[in-house]
**Student:** 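First the structure, then my questions, so here it is.
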Amino acid sequence: QVQLIDTGGGSVQAGDSLRLSCVASGLTFSHYTMGWFRQGPGKAREFVVGIKWSGSSTAYADSVKGRFTISRDNAKNTVHLQMNSLKPEDTAVYYCAADQWGGSRLDLNKVDYWGQGTQVTVSS
């Protein structure tokens, strides 16, 4: 049984940092492109960041470029998202995602597995 466990969300002030983590089990982690989507209140789920299964490339939404950094540790089946300079518009539920052999810019409709989501709230 495949599981993606999202952790690390919380409530912070604008300008603060948070680090999300996603631990995967039940799959061959090195075969999966990993990343995060987010869904804000009343909004559709949107792509945030992805890192290719090979680790050779990453992709970021324009809204987070320069502030967020994704990394993966294949030995620990873990992917991390370092979020700096957080803004109120980053407030959302963040969902870890896995797509086997996918490109770094994850496609919502091609995600194979989802985490349960973790809430990030940024106040001004």
Side-chain angles (χ1 to χ4, degrees):
Q1 181 182 356
V2 174
Q3 280 192 308
L4 303 180
I5 306 297
D6 287 307
T7 59
S11 296
V12 297
Q13 298 288 318
D16 286 349
S17 298
L18 279 174
R19 189 186 195 216
L20 304 185
S21 296
C22 174
V23 180
S25 60
L27 52 70
T28 304
F29 188 73
S30 61
H31 292 182
Y32 284 79
T33 292
M34 302 296 297
W36 271 271
F37 289 75
R38 68 185 180 188
Q39 188 164 13
K43 297 181 180 180
R45 192 171 295 192
E46 63 177 2
F47 170 78
V48 178
V49 61
I51 183 165
K52 200 171 180 179
W53 51 271
S54 62
S56 60
S57 65
T58 58
Y60 296 86
D62 288 344
S63 58
V64 306
K65 207 169 288 184
R67 301 187 296 123
F68 290 12
T69 304
I70 190 171
S71 61
R72 65 187 295 156
D73 184 344
N74 283 359
K76 296 183 178 179
N77 284 13
T78 302
V79 59
H80 300 290
L81 178 60
Q82 179 66 41
M83 305 187 296
N84 298 330
S85 303
L86 283 161
K87 304 176 180 180
E89 51 264 43
D90 294 319
T91 295
V93 178
Y94 284 69
Y95 295 92
C96 181
D99 174 10
Q100 189 173 27
W101 307 123
S104 54
R105 189 167 293 275
L106 290 159
D107 183 332
L108 178 71
N109 297 310
K110 294 183 179 179
V111 169
D112 294 308
Y113 303 105
W114 294 98
Q116 83 283 5
T118 185
Q119 177 71 47
V120 172
T121 302
V122 185
S123 55
S124 57

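Predicted, not measured: the structure shown is a model, and the values here were computed from it. Throughout, residue positions are numbered sequentially from 1 according to the sequence presented.
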**Student:** Any donor and acceptor pair, going by atom type alone, linking the side chain of R105 with main-chain N or O of Y60 inside 3.5 Å?
**Tutor:**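 The answer is yes, because a donor-acceptor pair under 3.5 Å joins these two groups.
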**Student:** Minimum heavy-atom separation for F29 to D73, with atom names?
**Tutor:**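 Heavy atoms of F29 and D73 come nearest at CE2-O, 4.0 Å.
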**Student:** Assess whether side chain to side chain contact (heavy atoms under 4.5 Å, CB included) is satisfied between F47 and L108, documenting all intermediate values.
**Tutor:** CA-CA 7 Å; F47 170 78; L108 178 71; over 6 Å; no
**Student:** I need the K87 NZ to S124 OG distance, nearest 0.5 Å.
**Tutor:**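 Output value for this atom pair is 13.5 Å.
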**Student:** Can you check whether H80's main-chain N or O pairs, donor with acceptor, with S21's side chain at less than 3.5 Å?
**Tutor:**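 Not at all, since once roles are kept as given, no pair shorter than 3.5 Å links the two residues.
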**Student:** Quick one, T33 with L106, criterion side chain to side chain contact (heavy atoms under 4.5 Å, CB included). Give me CA distance, side-chain angles, the key distance, then yes/no.
**Tutor:** CA-CA 8 Å; T33 292; L106 290 159; 3.7 Å; yes
**Student:** Measure across T91 and Q119 and return the closest heavy-atom pair with its distance rounded to 0.1 Å.
**Tutor:**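 Between these two residues, the closest heavy atoms are CG2-NE2, 4.1 Å.
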**Student:** Going through the distances and angles, do C22 and M34 end up as a side chain to side chain contact (heavy atoms under 4.5 Å, CB included)?
**Tutor:** CA-CA 9 Å; C22 174; M34 302 296 297; 4.2 Å; yes
**Student:** So which atom in V48 and which in F37 form the shortest heavy-atom distance, rounded to 0.1 Å?
**Tutor:**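 Closest approach of V48 to F37, heavy atoms only: CG2-C, 3.9 Å.
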**Student:** Answer yes or no: is there a donor N or O on one side and an acceptor on the other, between the side chain of D6 and the main chain of C96, under 3.5 Å?
**Tutor:**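 Yes, because the side chain of D6 sits within donor-acceptor range (under 3.5 Å) of the backbone of C96.
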**Student:** Is the ring pair Y95/W114 parallel, tilted or perpendicular, if the boundaries are 30 and 60 degrees?
**Tutor:**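 Ring orientation of Y95 relative to W114: perpendicular.
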**Student:** Given side chains that start at C-beta, do those of L20 and V120 come closer than 4.5 Å, heavy atoms only?
**Tutor:**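 Side-chain contact under 4.5 Å: yes.
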**Student:** The test is side chain to side chain contact (heavy atoms under 4.5 Å, CB included); show your working for W36 and M83 and say whether it passes.
**Tutor:** CA-CA 12 Å; W36 271 271; M83 305 187 296; over 6 Å; no
**Student:** Transitively linked via ILVMFWY side-chain contacts under 4.5 Å: V93 with V111?
**Tutor:**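 Yes, it is one cluster - the side chains of V93 and V111 are joined through contacts under 4.5 Å.
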**Student:** List the atom of P88, the atom of S123, and the distance in Å for their closest heavy-atom pair.
**Tutor:**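 Looking at all heavy atoms of both residues, the closest pair is CG-C, 4.5 Å.
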**Student:** Do you know which two heavy atoms are closest between G55 and R72, and how far apart they sit?
**Tutor:**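 Looks like CA-CD, 4.3 Å.
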**Student:** Calculate, to the nearest 0.5 Å, the distance between atoms OG1 and CD1 belonging to T118 and I5 respectively.
**Tutor:**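 Rounded to the nearest 0.5 Å, the OG1-CD1 separation comes out at 11.0 Å.
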**Student:** With the side chain counted from C-beta on, respond yes when R38 and D90 share a heavy-atom pair under 4.5 Å apart, and no when they do not.
**Tutor:**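 The answer is yes; the side chains approach within 4.5 Å.
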**Student:** Within the side chain of Q3, is there an N or O that forms a donor-acceptor pair under 3.5 Å with the backbone of G26?
**Tutor:**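 A pair under 3.5 Å: no.
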**Student:** Specify whether W53 and W101 have parallel, tilted or perpendicular ring planes, treating 30° as the upper limit for parallel and 60° as the lower limit for perpendicular.
**Tutor:**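 Judged by the thresholds at 30° and 60°, the geometry between W53 and W101 is perpendicular.
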**Student:** Over all heavy atoms of both residues, which pair between D107 and N109 is shortest? Give the atoms and the distance, please.
**Tutor:**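 Shortest heavy-atom contact: OD1-N, 2.8 Å.
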**Student:** Would you indicate whether the side-chain heavy atoms of V79 and I70 approach each other to under 4.5 Å?
**Tutor:**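 Result yes, sub-4.5 Å side-chain heavy-atom pair found.
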**Student:** To the nearest 0.5 Å, what is the distance between CD1 (I51) and OG (S56)?
**Tutor:**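 Atom-to-atom, I51:CD1 and S56:OG are 8.5 Å apart.
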**Student:** Any salt bridge linking K65 with D62? Criterion: basic side-chain nitrogen under 4.0 Å from a carboxylate oxygen.
**Tutor:**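 Result for this pair is yes, salt bridge flagged.
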**Student:** Indicate yes or no for a side-chain donor-acceptor contact from T78 to the backbone of K76 under 3.5 Å, with no hydrogens or angles considered.
**Tutor:**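 Looks like yes, one N/O pair under 3.5 Å.
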